[in-house]
Amino acid sequence: MSTELSEQEVLRRQAADQMRELGINPYPAPLYEINAHSKEILEKYPEDNTLFQEVSIAGRIMSRRIMGAASFVVIQDSVGKIQLYIKRDEICEGEDKTMYNTVFKKLLDIGDIIGVKGYVFVTQMGETSIHVKELTVLSKSIRPLPIVKEKDGVIYDAFTNPEQRYRQRYLDLVVNPEVREVFIKRTKIINTIRNFFNEKGYLEVETPVLQPIPGGAAARPFITHHNTLDIPLYLRVANELYLKRLIVGGFDGVYEFSRNFRNEGMDRTHNPEFTCMEIYVAYTDYFWMMELTEEMIERVALAINGTTKAMIGDKEIDFKRPYKRVSMRDSIMEHTGYDILTMSEKELFEACKAMKIDVDNTMGKGKLIDEIFGEKCEHHYIQPTFIYDYPKEMSPLTKAHRETEGLTERFELFLNGKELANAYSELNDPIDQLERLQHQLHLQERGDDEAMFIDHDFVRALEYGMPPTSGMGIGIDRLTMFMTNTPSIQDVLFFPQMKPEKVADNNTQEEV
RNA sequence: GACCAAGUAGCUCAGUCGGUAGAGCACAUCCCUUUUAAGGAUGGGGUCCUGGGUUCGAAUCCCAGCUUGGUCACCA
């Protein structure tokens, strides 16, 4: 059944038709040249009232206060809102007052996009406004916009329904201006990181999204099929193995902003597709990478918030480097009293039981240590902290520790009790690498559907020799959440994944 | 995946014990005409998420489902 139009939708369609009858195209083709934006006018005019005396501006009508021979309209452009003063006899020279009485008063609505030319002045109420001399209809809106009103910082009738906000992000962006700010900051974060690496001479690269073997992370992949080659292809879960191949190829430093895809659960901090930045630098180790990471994060914080201090929830975070470094062994010792290095698998298992951590028999030593850290330690690290030296079993792509058997040269950066970045001295011993991947294969055969696949070409690349290299990956969505104090990943993605709308299904079936 | 909550006009929401579907904004008509979320009056607008059930009667109670949110589990 086709959806019937609401009264307001019918009226707006009729208004568009009436415009056409008056010879006004509600969707005109020619460009509309603008020479100013709302924000610069509001900022500069009060200081110099000789400016903006021939202004041309365009935007969406957000409110109208209609009077007899003169009216006030607020339009919104890409950077803000500004009031227009529209006087009948100025937009309608001569006897024909149709443009004002009919087009402006009757046929235009909130949501329509118009362009105006005129001069800037200050009203009796002290508001910088545009005195309109010419009005052009640029686009008729035939679906009513949610009306959000605001006075003295108080929002009335806010458009808040999360389902509609995410499904119809365009609407969210139009009526909730603070939403736009988060996304502008997101882009600024990415640009800051990009500039930082480019200044250091690292090369931004692009590697395959469609991979024959989904490597580089332990995660369930999305699978698809290539018709011509008649082979399965996987959407990448990580780009790590390709970037390391490029280090083998002779680049000193490569990085990529990688959209990764993982066929796993969705919640406030997980979306099936998300963005990770990974960087690999030859002839370095994980201690060097800690310094690069803290330098990068401090710089991002300064670029976004103008200070290294930021609020996350009700906690104040300081991104000023250097960050505290704590080995995983010391962390667990501090928070539980156990020394994991001296304990057998059985002792670790018993210790978990004693601490009421949920464990089972399939868990190896590394997994048990990981559980202890996750349960007892992780949440303590509110300020940025590097946790380093992870158990070998959990880190199949990480170089074995230079001193301690059973550990790897890996660190993660924790912030507000959550993981933000992950880095290693990269494993470049091809024999060790193959053995570790084969161990993953055993896990897979035992039913671990997130164990890594073996990428033999990657091992072959290592056999030719990869210089000692450190690599680091950081979740851009999560970084954006931290930097903008946003608790949900859906609020840092323009179009978060949603279940399909039921209505859309019905329509499709009807049309077929 | 488990549990909890929500779904009523374009938007934000109320709806009592199960008894004719409500408000504000938006919209329309009229009056007023230099206003500031909102001048005044009148009016139109509803698949009460969907499907069953109980009942003389369901927005309301029960069951199932859908969508969204939250918590937990899972996700190094």
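A, B, ... follow the sequence lines: proteins, then strands. Residue 1 opens every chain. Computed from heavy atoms alone, side chains included, the values below leave out hydrogens, waters and symmetry copies. Since this is a predicted model, take the numbers as computed values, not measurements.
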Paired nucleotide for B:G1 [Watson-Crick or G-U wobble; both distances under 3.5 Å]: B:C72
Expressed in angstrom and rounded to an integer, what is the separation of A:Arg12 atom CZ from B:A28 atom P? 8 Å
Measuring from A:Glu273:CD to A:Arg259:CZ, what's the distance to the nearest 0.5 Å? 5.0 Å
Go through B:A28, B:C30, B:G10 for me and flag the one nearest to the A:Lys106 side chain. B:C30
Centre-to-centre under 6.0 Å for A:Phe414 and A:Phe373, is that the case here? yes
Side-chain N or O of A:Arg167 versus OP1/OP2 of B:U68: is the shortest distance under 4.0 Å? yes
Rounding to a whole Å, what distance do you find between A:Arg165:CZ and B:G7:P? 19 Å
Rounded off to whole Å, could you give me the CZ-to-C1' distance for the A:Arg220 and B:A76 pair? 15 Å
Just the rounded figure in Å: distance from C1' of B:A76 to CD of A:Gln440. 10 Å
Among B:U67, B:A76, B:C27, which nucleotide sits nearest the side chain of A:Glu7? B:C27
Examine A:Tyr85 together with A:Phe72 and report whether their ring centres are nearer than 6.0 Å. yes
When rounded to whole Å, the CG to C1' distance for the pair A:Leu5 and B:G46 reads 16 Å
Decide if the gap between the ring center of A:Phe183 and the ring center of A:Phe494 is smaller than 6.0 angstrom. yes
Take the protein atom CG of A:Asn161 and the nucleotide atom C1' of B:G69, then report the distance between them rounded to whole Å. 10 Å
Heavy atoms under 4.0 Å, any strand shown: does A:Glu371 hit a base, just sugar-phosphate, or nothing? nothing
Could you give the distance separating B:G7 and B:C13 at their P atoms, to the nearest angstrom? 10 Å
Same-atom distance (C1') from B:A9 to B:G44, integer angstrom: 11 Å
Any idea which of B:U36, B:U34, B:A26 is nearest the A:Gln124 side chain? B:U34
Return the orientation label for the A:Phe386 and A:Phe411 ring planes: parallel under 30°, perpendicular over 60°, tilted otherwise. perpendicular
If you look at every strand shown and take non-hydrogen atoms under 4.0 Å, does A:Ser63 touch a base, only sugar-phosphate, or nothing? nothing
Assess, by modelled atom type and distance only, whether the side chains of A:Glu426 and A:Tyr424 contain a donor and an acceptor separated by less than 3.5 Å. no
Ranking B:U71, B:U36, B:A76 by distance to the side chain of A:Met125, first place goes to B:U36
To the side chain of A:Tyr85, which of B:U34, B:C25, B:C27 is closest? B:U34
Per atom distances to the A:Ile110 side chain, the nearest of B:A26, B:U12, B:C74 is B:A26
What's the closest nucleotide to the side chain of A:Glu163 if the choices are B:A76, B:U36, B:U68? B:U68
Under 3.5 Å donor-acceptor pair, A:Thr123 side-chain atoms to B:U35 base atoms: yes
Closest to the A:Arg65 side chain: B:U12, B:A76, B:U36? B:U36
How many whole angstroms separate atom CD of A:Gln8 from atom P of B:G10? 8 Å
Main-chain N/O of A:Gly111 paired to A:Arg143 side chain as donor or acceptor, under 3.5 Å: no
Distance check needed: B:C11 P versus A:Gln164 CD, whole Å only. 5 Å
From the set B:U12, B:U68, B:G10, return the single nucleotide nearest to any side-chain atom of A:Ser6. B:G10
Please measure how far the C1' atom in B:U54 lies from the corresponding atom in B:U60, and state the result in whole Å. 13 Å
Among B:C27, B:C75, B:U36, the one nearest A:Gln83 by side-chain distance: B:U36
Under 4.0 Å, heavy atoms only, any strand: does A:Arg268 hit a base, just the sugar-phosphate, or nothing? sugar-phosphate
